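Predicted model, so just to flag it, every value in this text is computed and none were measured.
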Amino acid sequence: MSNSWNDPFDQLQQQADINPDQIYKVAESVKNADFSDETTVRALVQKLAKIAGKPISKAKEDKIVQSITDNNMPMDMQTLNQLFKK
């Protein structure tokens, strides 16, 4: 694997103590997921919050779920970070 692929995972592990293997497992589990389905997206958001060991408020969870199900999810890291920090 190239350094450019490992760097974000190394940063996740250092900053949030998230094991890259957990990220790979989640990514594999949602490969064919229906991101327009609120239940599916909500379960994914809750799973990621649990992996990160970060509680997520109901309001923040609702906002993230709505952004994803409305297909209005930003794809750049800076905007994603801002969304999760609100």
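Nearest approach of L44 to F35, heavy atoms of both residues: CD2-CE2, 3.6 Å. Shortest non-hydrogen contact noted between P55 and G53 is CD-O, 3.9 Å.
Using a 4.5 Å heavy-atom threshold, the side chains of V45 and I56 count as touching.
The CD atom of Q46 sits 12.5 Å away from the CD1 atom of I51 when rounded to the nearest 0.5 Å. Within the model, atoms OG of S36 and CD1 of I68 stand 11.5 Å from one another, a figure rounded to the nearest 0.5 Å.
Residues satisfying the salt bridge (charged side-chain N to carboxylate O under 4.0 Å, His left out) test with D34, not counting sequence neighbours, are none.
Evaluated for a salt bridge (Lys or Arg N to Asp or Glu O under 4.0 Å) with E61, the options K54, K47, K50, R42 yield exactly one hit, R42.
Using a 4.0 Å cut-off between charged side-chain N and carboxylate O, K25 and D21 make no salt bridge.
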